[in-house]
Amino acid sequence: MGAGLLFFVAGAGLTIYFRTEKERMARKRIAETTKGIGRPKVGGQFELIDQNGRRFTDEDMKGKYALVYFGFTHCPDICPEELDKMAGMIDIVQKTNGNVMRPIFITCDPARDTPAVMKTYLKEFHPALIGLTGTWEQVKSVCKAYRVYFSTPPDVQPGQDYLVDHSIYFYLMDPDGDFVEAIGRNFTVERAARVINEHIGDWRGKLDKE
């Protein structure tokens with residue numbers, strides 16, 4: 001009886017181990033695939049300014065994981081919903097792993113989203129959020145680097161209200177600045193945070209926690 005129970009427990013332990021290892025290897029393949037030669041690169045060099053008017057580049061993302069979202073402050077529903085989700089992800093990741101992730105909101109509407117506007121807007125969601133804006137050309141360049149589609153209406157007049165059509169994904173970047181995984185709207189806060197935490201757990205390099 002004792003030997004049978006021991007065999008059962010050992011078998012269950014091995015099953016859990018191999019399932020966990022299989023999931024880890026699947027995440028590793030995802031991360032390595034995104035760095036594959038000949039594949040379109042997601043991410044790259046950029047230079048913008050944050051909500052405090054300070055210069056911020058792709059180099060400032062490195063050292064921690066980064067969760068990047070593109071949107072605009074005049075968005076009536078989708079961006080606020082996604083930023084609420086992002087705030088939830090930040091809290092779960094911080095609780096599990098500490099201060100290891102930079103959450104970044106990049107505007108697709110630089111004409112209206114000045115640093116001051118971004119600062120007022122983002123403080124409603126989470127204090128850790130970094131808001132980035134710049135010239136139209138700078139924003140166009142970073143959107144192109146991240147394969148983000150965005151479109152503003154033609155012939156917009158000063159003071160005219162309008163919506164910006166854009167891609168809706170969270171882009172997870174590793175501490176080397178390489179793309180890891182895209183998280184879509186179908187992810188719940190808990191599922192998205194679990195994916196992020198799993199990738200963080202797989203990281204074997206240096207990770208800034210300050």
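Please read all numbers here as calculations on a predicted model, not as lab measurements.
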Practice task
Establish, for the pair R112 and Y162, whether the NZ or CZ atom is under 6.0 angstrom from the six-membered ring centre and no further than 45 degrees off its axis.
Solution key: yes
Handout entry: Set of residues satisfying salt bridge (Lys or Arg N to Asp or Glu O under 4.0 Å) with respect to D50, sequence neighbours excluded
Key = R54
Exercise for the section: Apply the test side-chain contact (heavy atoms from CB on, under 4.5 Å) to residues V68 and M173: give CA-CA distance (whole Å), side-chain angles for both, the deciding distance (0.1 Å), then the verdict. Expected result: CA-CA 8 Å; V68 184; M173 314 297 288; 4.3 Å; yes
Exercise for the section: Return yes if a side-chain donor-acceptor contact under 3.5 Å exists between D113 and T73, otherwise no. Expected result: yes
Taking all heavy atoms of [X] and all of [Y], pick out the closest pair and write down the distance.
X: A145; Y: G44; answer: CB-N, 4.4 Å
X: V189; Y: G88; answer: CG1-C, 3.6 Å
X: F179; Y: A182; answer: CZ-N, 3.4 Å
X: K62; Y: D176; answer: CE-O, 3.4 Å
X: A66; Y: I104; answer: CB-CD1, 4.4 Å
X: N52; Y: K119; answer: OD1-NZ, 3.0 Å

Using 30° and 60° as the class limits, which term best fits the ring planes of [X] and [Y]: parallel, tilted or perpendicular?
X: W136; Y: F150; answer: tilted
X: Y121; Y: F105; answer: tilted
X: Y69; Y: H166; answer: perpendicular

For the [atom1] atom on [X], are there more than 12 heavy atoms of other groups (residues, nucleotides or ligands in this structure) within a distance under 6.0 Å?
X: Q45; atom1: CD; result: no
X: F125; atom1: CZ; result: yes
X: K140; atom1: NZ; result: no

Can you confirm whether [X] sits close enough to [Y] that some side-chain heavy atom of one is under 4.5 Å from a side-chain heavy atom of the other?
X: P115; Y: T133; answer: yes
X: L163; Y: P76; answer: yes
X: K209; Y: N97; answer: no
X: K41; Y: D178; answer: yes
X: R147; Y: Y169; answer: no
X: D60; Y: R55; answer: no
X: M86; Y: L67; answer: yes
X: I196; Y: F170; answer: no

Rounded to the nearest 0.5 Å, what's the gap from [atom1] on [X] to [atom2] on [Y]? Could you check?
X: D165; Y: Y149; atom1: CG; atom2: OH; answer: 4.5 Å
X: K123; Y: Q51; atom1: NZ; atom2: CD; answer: 11.5 Å
X: E124; Y: D84; atom1: CD; atom2: CG; answer: 10.5 Å
X: T107; Y: F72; atom1: OG1; atom2: CZ; answer: 8.5 Å
X: E82; Y: I183; atom1: CD; atom2: CD1; answer: 10.5 Å
X: Y65; Y: N197; atom1: OH; atom2: CG; answer: 10.5 Å

Practice task
Before giving the answer on side-chain contact (heavy atoms from CB on, under 4.5 Å), spell out for V100 and W203 the whole-Å C-alpha distance, their side-chain angles and the decisive distance to 0.1 Å.
Solution key: CA-CA 11 Å; V100 297; W203 183 253; over 6 Å; no
[X] and [Y]: same hydrophobic cluster, using ILVMFWY side-chain contacts below 4.5 Å?
X: L172; Y: L207; answer: yes
X: V180; Y: F187; answer: yes
X: M118; Y: I49; answer: no

Practice task
Any chance you could lay out the side-chain contact (heavy atoms from CB on, under 4.5 Å) test for N99 and K64, step after step, and finish with the verdict?
Solution key: CA-CA 8 Å; N99 186 25; K64 299 178 185 285; 3.6 Å; yes
Exercise for the section: Please answer whether the main-chain N or O of A128 pairs with a side-chain N or O of R102 as donor and acceptor at a distance below 3.5 Å. Expected result: no
Handout entry: Donor-acceptor under 3.5 Å (Q138 side chain, E47 main chain)
Key = yes
